[in-house]
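Only one structure is covered here, and it is reproduced in the block below.
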Amino acid sequence: MEESNNSSNSIIKAGLILALAVAAIFGYLYFNEKQENSQNNVSITEKTNELLRTNTKLDSISAQLDAKIAEITALGGQVEELEALKAELQKDKKALMSSKSFNAKEYEGKIKNYEAMLLEKDSEIAKLKEENAVLNNQNQVLNSENTGLKSTNTDLRTAKEALADSVYKTTVQNRELSEKVTLASALRPMNYAVSAINSRGKERDGEEFKARKVDRVKVSFKLAENPLTKKENKTIYMRMIDPTGNVISDMATGSGAFSFGGKETIYTAKQTILYSNSGQTIEYIYNRGANYEKGAYKIELFADGFRIGQTTFNIK
């Protein structure tokens with residue numbers, strides 16, 4: 001009987017030990033899972049905060065872009081580049097909010113590029129303000145002159161006629177001033193050189209060439225440095241005019257037409273270059289595909305609505 005009781009006690013003790021062991025295992029697993037969840041929650045919180053900070057920066061840049069666009073528009077400047085940048089920014093914001101794998105470093109790079117562009121536009125705004133200040137000063141001088149004219153001519157004209165004449169003169173002079181400012185920023189070719197290239201590729205410089213030795217004509221020149229000229233893409237049209245006054249052109253070799261002075265004008269060849277304000281050299285090599293008649297030829301260059309230069313050569 002005593003042995004039976006001892007056996008029962010041993011079984012109970014073994015059961016208790018087993019229960020405690022199972023409870024310890026479950027406790028350990030629960031603790032690990034809780035730690036893992038806590039770490040995951042911290043990581044999610046940090047990423048959420050980074051995403052919100054990035055979105056706030058993009059919102060700030062968007063507001064600055066709107067302000068720059070409004071200011072440059074008011075000053076009469078070009079805002080196409082900023083509007084394109086604004087569209088790109090909106091895409092980045094949309095991608096940010098819908099992204100499932102947010103990369104903070106990638107957006108840091110984008111934000112730096114946006115901020116650099118905003119700084120660059122500050123110098124453009126300062127330049128526009130200076131140009132507008134010049135125009136305003138000119139207007140003030142013109143207004144003073146017009147006031148003097150009105151006071152001296154009141155005995156010859158009525159007040160209404162004097163005012164109309166003053167407004168007309170001011171408008172004309174302002175237009176002329178605006179045209180002068182635009183002309184001052186036009187491209188300025190210099191150091192022209194014309195070369196004849198024969199069928200073997202041999203090149204000869206000069207102002208006069210033998211017809212039988214001319215297979216192609218090369219026209220080169222430098223663009224003078226001009227701080228008033230914007231650093232941007234410029235299309236330069238070249239017209240080669242033969243001794244009879246006709247423009248040499250062939251649509252198959254790149255010739256075409258452009259608008260000049262409100263009229264359609266034929267050109268021989270054209271180039272679109274990025275003006276760098278560094279005295280860059282431009283070259284045209286034109287293959288007519290036919291013999292050059294003897295006589296005097298003229299080269300004309302056009303850009304930004306102006307005839308910017310010309311040179312000549314002779315074929316004998």
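- Judged by distance alone, the side chain of T311 and the main-chain N or O of Y192 form no donor-acceptor pair under 3.5 Å.
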(Q) Between R239 and S249, does the side chain to side chain contact (heavy atoms under 4.5 Å, CB included) criterion hold? Intermediate values first, please. (A) CA-CA 8 Å; R239 281 166 42 100; S249 64; over 6 Å; no
Q: Please lay out, stage by stage, how L223 and I273 fare under the test side chain to side chain contact (heavy atoms under 4.5 Å, CB included).
A: CA-CA 11 Å; L223 291 177; I273 57 98; 4.0 Å; yes
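- For E264, the CD atom is loosely surrounded, since the number of other residues' heavy atoms within 6.0 Å does not exceed 12.
- For K121 and E81, the salt-bridge test passes: some basic side-chain N is under 4.0 Å from an acidic carboxylate O.
- Taken together through direct or relayed side-chain contacts under 4.5 Å among Ile, Leu, Val, Met, Phe, Trp and Tyr, Y267 and F260 form part of one hydrophobic cluster.
- No donor-acceptor contact under 3.5 angstrom links the side chains of S255 and D250, judged on distance only.
- For the pair N287/T253, no side-chain contact is recorded, criterion being any heavy-atom separation below 4.5 Å from C-beta on.
- For the pair R288 and E293, the salt-bridge criterion is met [side-chain N within less than 4.0 Å of a carboxylate O].
- Listed here is the closest heavy atom pair of K230 and K234: O-CE, 3.9 Å.
- Closest heavy-atom contact between G279 and E225: N-CG, 3.7 Å.
- Shown here for L274 and E232, the closest heavy-atom pair between the two residues is CD1-C, 3.5 Å.
- Annotation: the span from Q64 atom CD to Y114 atom OH amounts to 13.0 Å, rounded to 0.5 Å.
- Among residues two or more places apart in sequence or in another chain, the salt bridge (Lys or Arg N to Asp or Glu O under 4.0 Å) test is passed with K222 by none.
- Ring geometry, F221 versus Y284: the interplanar angle falls under 30°, so the pair is classed parallel (tilted spans 30 to 60°).
- Shown here is N291, whose CG atom has no more than 12 heavy atoms of other residues, nucleotides or ligands within 6.0 Å.
- Shown here for A303 and L187, the closest heavy-atom pair between the two residues is CB-CD1, 4.0 Å.
- Linking ILVMFWY residues whenever their side-chain heavy atoms come closer than 4.5 Å, directly or via other members, places V194 and I282 in the same cluster.
- For the atom pair I248 CD1 and Y292 OH, the distance stands at 5.5 Å (nearest 0.5 Å).
- Ring planes of F313 and Y297: parallel class, angle under 30° (limits at 30 and 60°).
- In this structure, K231 and S276 approach most closely via the heavy-atom pair CE-O, 3.7 Å.
- Side chains of K57 and T54 form no contact here, defined as non-hydrogen atoms less than 4.5 Å apart.
- Note: the hydrophobic cluster containing L118 also contains L58 (ILVMFWY, side chain heavy atoms under 4.5 Å, direct or indirect links).
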Could you pull out all donor-acceptor pairs under 3.5 Å where a side-chain atom in residues 70-78 meets a protein atom, sequence neighbours excluded?
unit_1: E71; atom_1: OE2; unit_2: K129; atom_2: NZ; d: 3.2
unit_1: T73; atom_1: OG1; unit_2: I69; atom_2: O; d: 2.7

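- Judged purely by atom type and a 3.5 angstrom limit, E115 has no side-chain atom pairing as donor or acceptor with the backbone of I61.
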Distance-only criterion, 3.5 Å: show the donor-acceptor pairs between side-chain atoms of residues 207-217 and protein atoms not counting sequence neighbours.
none

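- Shortest non-hydrogen contact noted between F306 and A186 is CD1-CB, 4.0 Å.
- Two residues are said to be in side-chain contact when any heavy atoms from C-beta on lie closer than 4.5 Å; K298 and E300 meet this criterion.
- Ring-centre distance between F258 and F302: below the 6.0 Å cut-off.
- Between N137 and Q140 there is a side-chain heavy-atom pair separated by less than 4.5 Å.
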Q | Residue pair L85, E88: steps toward the side chain to side chain contact (heavy atoms under 4.5 Å, CB included) verdict | A | CA-CA 5 Å; L85 197 68; E88 184 179 344; 4.3 Å; yes
